[in-house]
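Right, one structure below, let's go through it.
What you see is a predicted model, and the numbers here were worked out from it, not measured in a lab.
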Amino acid sequence: MFLSENPEYRKKVKEILPIVEKIVEEVNNLSEKELNEISKNIKIERKKKKKDLVLPNVKDKVILRFAPNPSGPLHIGHARAAVLNDYFAKKYNGKFILRLEDTDPKRVLEDAYDMIKEDLEWLNIKVDETVIQSDRLDIYYKYGEELIKKGLAYVCECSQESFRELRNKGLPCKCRDRDIEENLELWKKMLNGEIDNVVVRLKTDIKHKNPSIRDFPIFRIEKTHHPRVGDKYVYPLMNFSVPIDDHLLGVTHVLRGKDHIVNTEKQKYIYKYFNWDIPEFIHYGILKIEDTVLSTSQIYKGIIEGVYSGWDDIRLGTLRALKRRGIKPEAIYKIMLDIGIKPADVKFSWENLYAINKELIDKEAKRFFFVWNPKKMVVKDADKRVVKLRKHPDRKEFGERELLFNGEVYVVNDEIEEGKMYRLMELFNVVVEKIDDIIIARYHSDDFKIAKKNKAKIIHWIPVDNINKVKVLMPSGEIKEGYAEKDFREVKEDEIIQFERFGFCRIDKKDDEITICCYAHK
RNA sequence: GCUCCGGUGGUGUAGCCCGGCCAAUCAUGCGGGCCUUUCGAGCCCGCGACCCGGGUUCAAAUCCCGGCCGGAGCACCA
């Protein structure tokens, strides 16, 4: 690093080398004791290099856009683009545009427009401007027509198959040479709904090494009902509408996944033909998310069929599902920044998200005992007692909870073995004598040290009376049922708590009968 | 198959552009210990990686070539 900053010294390296070698030898001959002395004196100050994500070529105002397809709410995969764009917009004091890309009526869900806005709000992402592409069809028509007039685009009547066949051989189809007037006439007919089964193609390079770039389509006819535009049915393809909008909106940096690299190449033709400046394109690697259904269409199907309870079914990777489990938006924001924008593919591991989230909620979550798969334990030879515990080990101000021991408790069934000693948390040590329909245990001692010495498992427990029924929905789809201690009654819906030795949960629903919780993570 | 992209511990990440304070960062994970009104909490210590082979160079995680592996695209979707 010294050399890279002072390249003029490079030539001298050869001269210095023998000296360096000599010193190295001397150091190597030092005794361990001497070395330790020296290293004590050298305080190694490693510069804490803060990871700082930067955008290349920042000139004037940075304008970014997040462009989801409104076919469902946002999921963890969308969060990456949303967060990155928002982060840079804030960092450079720029602008964040939300652009809803609804030019495929087959993939538009009316509710999604609002859901996406809600999801962004939840993530604390500030939208400076919202653009809906279906409002802008006339704009696309205008620019499309201009390209036809310039002879750079043409109406193609070929079937998809026959065009592809020619294209793959690098041959133009017969429509390519049609004169401009005729093209314009056909274009008008398209817009008026007089013809069907045609597309408008951009003239690119019919021999381009990537066949999909050869005269790719920029408009198509789609007669599916669109919730926002109704009877129009000429729609631009994304490789046309996207560059048009990006340019018109002044977007300076386009952040998107590597799966769009070919699209970028296609879109550059549009910039070239209109003589527009090309924005900065940044392609980050594919985010693979372990064991999670993310496909919006698949989720939607599951909801319709009743497999999932809704978009916020906690088995899903939607933001609203994560919210429901007690994952904080800040945690999602942070992990997306941690992952960053490098071009290598990334396997998203939930563990990492959970760790970040835990840090956020740990200090706020009240602690309670929850006994799942409860089994009654009768403790012989034990006096009645009252145990007072903090609701949070470090935060006295949260107050205390109270457990009244009167001889019978519930414990987690599968934690108990015959003949073993257990420490009932904050209470005393017992030895299990017999397990039948109930567990028979005998009081052993009070001293915690005895439990430690005997390597007794420290388990939690609740008195058999004054209990609260609890059902915990797990992200795996599993349901844990059991009882929570008396003071659990005070929790409110939406509160995040920790069931000790179990994990963090968000209170989803509560009535006199039972409390439903959603499991976040341990 | 064709086109393009990428490969740093179990996972994520820094360093790569501009070779040398890199016997490689930070976090998570895992292992061990400590503490404590007794946690699956907290604190401390430890473990663990530059895909492989060649080349260039005094010096390669970093540059070049080849291989292997992984991914993406190849739509009248976005």
C1' spacing across the pair rC74(B) / rU57(B), given as an integer number of angstrom:
42 Å
Dump the pairs, protein N or O against N or O of nucleotides 75-78 of chain B, anything under 3.5 Å, distances to one decimal.
residue: rA75(B); atom: OP2; partner: Arg164(A); partner atom: NH1; Å: 3.3
residue: rC76(B); atom: OP1; partner: Gln160(A); partner atom: OE1; Å: 2.7
residue: rC76(B); atom: N4; partner: Cys158(A); partner atom: O; Å: 3.4
residue: rC76(B); atom: N4; partner: Gln160(A); partner atom: N; Å: 3.2
residue: rC77(B); atom: OP1; partner: Arg220(A); partner atom: NE; Å: 3.0
residue: rC77(B); atom: OP2; partner: Arg220(A); partner atom: NE; Å: 2.8
residue: rC77(B); atom: OP2; partner: Arg220(A); partner atom: NH2; Å: 3.4
residue: rC77(B); atom: O2'; partner: Asp104(A); partner atom: OD2; Å: 2.7
residue: rC77(B); atom: O2'; partner: Arg107(A); partner atom: NE; Å: 3.3
residue: rC77(B); atom: O2; partner: Arg107(A); partner atom: NH1; Å: 3.1
residue: rC77(B); atom: O2; partner: Arg107(A); partner atom: NH2; Å: 3.4
residue: rA78(B); atom: OP1; partner: Thr103(A); partner atom: OG1; Å: 2.8
residue: rA78(B); atom: OP2; partner: Met238(A); partner atom: N; Å: 2.8
residue: rA78(B); atom: O4'; partner: Arg107(A); partner atom: NH2; Å: 3.0
residue: rA78(B); atom: O3'; partner: Glu101(A); partner atom: OE1; Å: 2.4
residue: rA78(B); atom: N6; partner: Asn263(A); partner atom: ND2; Å: 3.1

Work out how far the P atom of rG46(B) is from that of rU36(B), and round it to whole angstrom.
23 Å
I'd like to know if Arg401(A) and Glu500(A) make a salt bridge, using a cut-off of under 4.0 Å between side-chain N and carboxylate O.
yes
By the Watson-Crick or G-U definition, both distances under 3.5 Å, rC77(B) is matched with none
Pair Asp246(A) + Arg65(A), salt bridge at N-O below 4.0 Å:
yes
Atom pairs under 3.5 Å: protein N/O with N/O of nucleotides 35-37 of chain B:
residue: rU37(B); atom: O4'; partner: Glu426(A); partner atom: OE1; Å: 3.2

Suppose you measure atom P in rC5(B) against the same atom in rG10(B); what distance do you get, rounded to whole Å?
28 Å
Checking all strands, does Glu290(A) fall into the base, sugar-phosphate, or nothing category for heavy-atom contacts under 4.0 angstrom?
nothing
Within the 4.0 Å heavy-atom criterion, would you say Lys209(A) contacts the bases, only the backbone, or no part of the nucleic acid?
sugar-phosphate
Within the 4.0 Å heavy-atom criterion, would you say Glu364(A) contacts the bases, only the backbone, or no part of the nucleic acid?
nothing
With rounding to the closest Å, how many angstrom separate the C1' atoms on rA72(B) and rG33(B)?
47 Å
For rC50(B) and rU8(B), measure between their P atoms and round to the nearest Å.
10 Å
Interatomic distance at C1', rC16(B) relative to rA60(B), whole Å
11 Å
